[in-house]
Amino acid sequence: MQHQAYNRLGSIGGSGASAAALASLGGGGTPSPPASPRRSPRMHRRGPKDGGSVGGRRVPVVAPRTLAQRIAWMLVSLLLRRQAIFLFAPLIYVSGMLLYMGTVSLDSVPAIISRPAPGSVYKSPQLYERLRIDMDADNSSEGLANVWRHANKGGGWKPCIKKNTNGLPESNGYIYVEANGGLNQQRTSICNAVAVAGYLNATLLIPNFHFHSIWRDPSKFKDIYDEDHFVATLQNDVRVVDSIPEYIMERFGNNMSNVYNFRIKAWSSIQYYRDAVLPKLIEEKLIRISPFANRLSFDAPPVVQRLRCLANFEALRFSNPIANLAEKLVSRMRDRSVDKSGKYIAVHLRFEEDMVAFSCCIFDGGNEERQDMIAARERGWRGKFTKPGRVIRPGVIRLNGKCPLTPLEVGLMLRGMGFDNTTLIFLASGKIYKAEKTMRPLLEMFPLLQTKETLSSPEELAPFKNYSSRMAALDYTVCLHSEVFVTTQGGNFPHFLIGHRRYLYGGHSKTIKPDKRKLALLFDNPTIGWKSLKRQLQSMRSHSDAKGTEIKRPNDSIYTFPCPDCMCRPNRTDT
């Protein structure tokens, strides 16, 4: 008996389906794989439109779709089938956002407010107005009596520059230098020229002063310095003359411009002068170095440093007219401060128009100040500040401590450091920018303030009035002999004074050099009180006191740090 094959799938759709299944087994009894679906299975699993059963199961009746539903279903099916959703999704999103933004008023969009960094804006006038009552009510004062606590802690120093007692060998030739810049930049040139001439065994012609477009001072060497004293002090170390012998000048047609001029890089070593300049000097017997400011490295062997010390601290002395009036000004300051044992404060204030313009800082003068500064920059440094690509950031300059202190800020600082309104102040300065306005707060805080103009009569000052270097020399002398020297902006003037004061006062500079980065933050603090401000400023004063005894490190200026090259300990012999 022939047995019917077992069908695991059972009866589906009647005998016709069973017969088809049996036929598919073929002769070998192996079922054929089912045909692949033509399209997505979802498209072929629809039940009967009118219900009924599928595979023995009852299919519910589906309500007829509306036209909108059919269109939506067709669209979704099309997108899914073609996978176009990834192409249309960004377009749909952007379209939705544009439709949404079209319904929102731009006036309601919140504005983004950029706040300046603390300390980047000049707000000292507001601080002064807020603290003025507490400042005036503060009767405590350390005064000038207790300002220096570290003056003698360094062990003390004394000047000890050994002079040459031997004769000088025959000169290798003459050196002519042209000193450029202001009073103290010219001083650098003079001292360096002495050192180079002595090292090369050359004869130095009295340096010529270059007429500068900013200082506009036609003064010669003898108008500012005592030429006879200069020559006599150096006579055993460096030959100094005021003219070149006629037989040498004839070789150059009696014209200095025909003399070979060395263009020497800034901060060149003394070895360069020996290797490059000396052979030409021996060959020509006369050479020229122009310009000469800062053409010698600060780091040099002891023989060169000794000559620098000798020139700066001993040979350079102001001419008699300057020295005589300066001594009178110092005496008058001491007489006006007799209740404080003749002690007074000297402040070097750099708030002239050219200094304010060069700093590129913004103060409280508004548009008028802005226009003044633009004009001043163009007069003094034509095109320097308007080069393509140059960006000026006043806030960053202030935060970095590069802005000059205003007269108001100087007053706030000194009152906070413990000096009351009876303290006598000498103000060393040129013409203050907008003096009638800017000087008023400083005079309110220190009504006894003096300048060279208030200390001298018009007749006494007349010979110096139109000469910036001679006027600076008067300021230099009065500052040199003060109990306290305050520097507010840096530059050659305070650098030379700090070193000169160390030389005179046992190695201590007796100088207040404020931290202007910290001051920018303090003066911009809207919540700081007078006691807190005073405490921090007195700490700053103490820091200056401790730094006053610093000694020279490599590459420091000997004119600012004379210890140990120009000075020695009292228990040691001369170096």
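Computed from a prediction, not measured in an experiment: that's the story for all the values here. Below, each value reflects all heavy atoms present in this structure, side chains not excepted, and no hydrogens, waters or symmetry copies. Numbering of residues begins at 1 and proceeds along the displayed sequence.
Listed for the R501 side chain is a donor-acceptor partner under 3.5 Å among the backbone atoms of S509. Under the 3.5 Å distance criterion, the side-chain polar atoms of E352 are matched with a main-chain donor or acceptor of G430. Side chain of W148 to main chain of E483: a donor-acceptor pair is present (N/O by atom type, distance under 3.5 Å, no hydrogens or angles). The closest donor-acceptor contact from the side chain of S469 to the backbone of G182 lies at 3.5 Å or more, if one exists at all.
Under the salt bridge (Lys or Arg N to Asp or Glu O under 4.0 Å) criterion, K384 pairs with no residue, sequence neighbours left out. For R317, the salt bridge (Lys or Arg N to Asp or Glu O under 4.0 Å) test picks out D226, with sequence neighbours left out. The salt bridge (Lys or Arg N to Asp or Glu O under 4.0 Å) search around R440 returns none, not counting sequence neighbours. Residues satisfying the ring pair (Phe, Tyr, Trp, His ring centres under 6.0 Å) test with F561, not counting sequence neighbours, are none. Applying the side chain to side chain donor-acceptor pair (under 3.5 Å) test to R295 and every residue at least two apart in sequence or in another chain returns nothing. Partners of D556 under the salt bridge (Lys or Arg N to Asp or Glu O under 4.0 Å) rule, at least two apart in sequence or in another chain, are R553. For D134, the side-chain contact (heavy atoms from CB on, under 4.5 Å) criterion is met by W530, not counting sequence neighbours. Residues passing the ring pair (Phe, Tyr, Trp, His ring centres under 6.0 Å) test with Y176: none are found, sequence neighbours excluded. Residues meeting the ring pair (Phe, Tyr, Trp, His ring centres under 6.0 Å) test with F351, sequence neighbours left out: F363. Partners of Y344 by ring pair (Phe, Tyr, Trp, His ring centres under 6.0 Å), not counting sequence neighbours: none found. In this view, R541 and E142 satisfy the side chain to side chain donor-acceptor pair (under 3.5 Å) rule, not counting sequence neighbours.
Between the side chains of R502 and T560, no donor-acceptor pair of N or O atoms lies under 3.5 Å. Side-chain atoms of E314 and T233 form no donor-acceptor pair, as typed in the model, at a separation below 3.5 Å. Side-chain contact annotation: D545 with H508, donor-acceptor N/O pair under 3.5 Å present. Judged purely by distance below 3.5 Å, without hydrogens or angles, the side chains of Y503 and N312 never pair a donor atom with an acceptor atom. Side chain to side chain, N400 and R517 fail the donor-acceptor criterion of an N or O pair below 3.5 Å. Residues D420 and T422 bring a donor and an acceptor atom of their side chains to less than 3.5 Å of each other. Using modelled atom types, one finds no donor on one side chain facing an acceptor on the other under 3.5 Å when comparing S557 with K552. With no hydrogens or angles considered, no side-chain donor-acceptor pair links S429 and R350 at under 3.5 Å. A side-chain donor-acceptor contact under 3.5 Å links N525 and T527.
Residue-environment remark: NZ (K402) stays at or below the threshold of 12 foreign heavy atoms within 6.0 Å. The environment of NE2 in H543 is sparse: at most 12 heavy-atom neighbours from other residues, nucleotides or ligands sit within 6.0 Å.
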Checking M540 against K513 for the side chain to side chain contact (heavy atoms under 4.5 Å, CB included) test, could you report, in this order, the C-alpha distance in whole Å, the side-chain angles of both residues, the deciding distance, and whether it holds? CA-CA 9 Å; M540 190 181 297; K513 189 177 181 181; over 6 Å; no

F523 vs Y128, side chain to side chain contact (heavy atoms under 4.5 Å, CB included): CA-CA, chis, key distance, verdict: CA-CA 9 Å; F523 292 159; Y128 174 57; over 6 Å; no

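Judged by the 6.0 Å distance and 45° axis criteria, R470 is positioned over the aromatic ring of Y467.
Ring geometry for F385 versus F358: interplanar angle over 60°, hence perpendicular rather than tilted (30 to 60°). Between H500 and F313, the ring planes are perpendicular. Angles over 60° get that label, and only those under 30° would be called parallel. Classified by interplanar angle (parallel below 30°, tilted 30° to 60°, perpendicular above 60°), the ring pair F485/F493 is tilted.
You'll find the side chain of Y225 reaches within 4.5 Å of the side chain of I190, heavy atoms only.
The list of side-chain hydrogen bond (donor to acceptor under 3.5 Å, both in side chains) pairs with a residue in residues 327-337, not counting sequence neighbours, reads R332-E460.
With values rounded to the nearest 0.5 angstrom, K452 atom NZ is found 10.5 Å from L325 atom CG.
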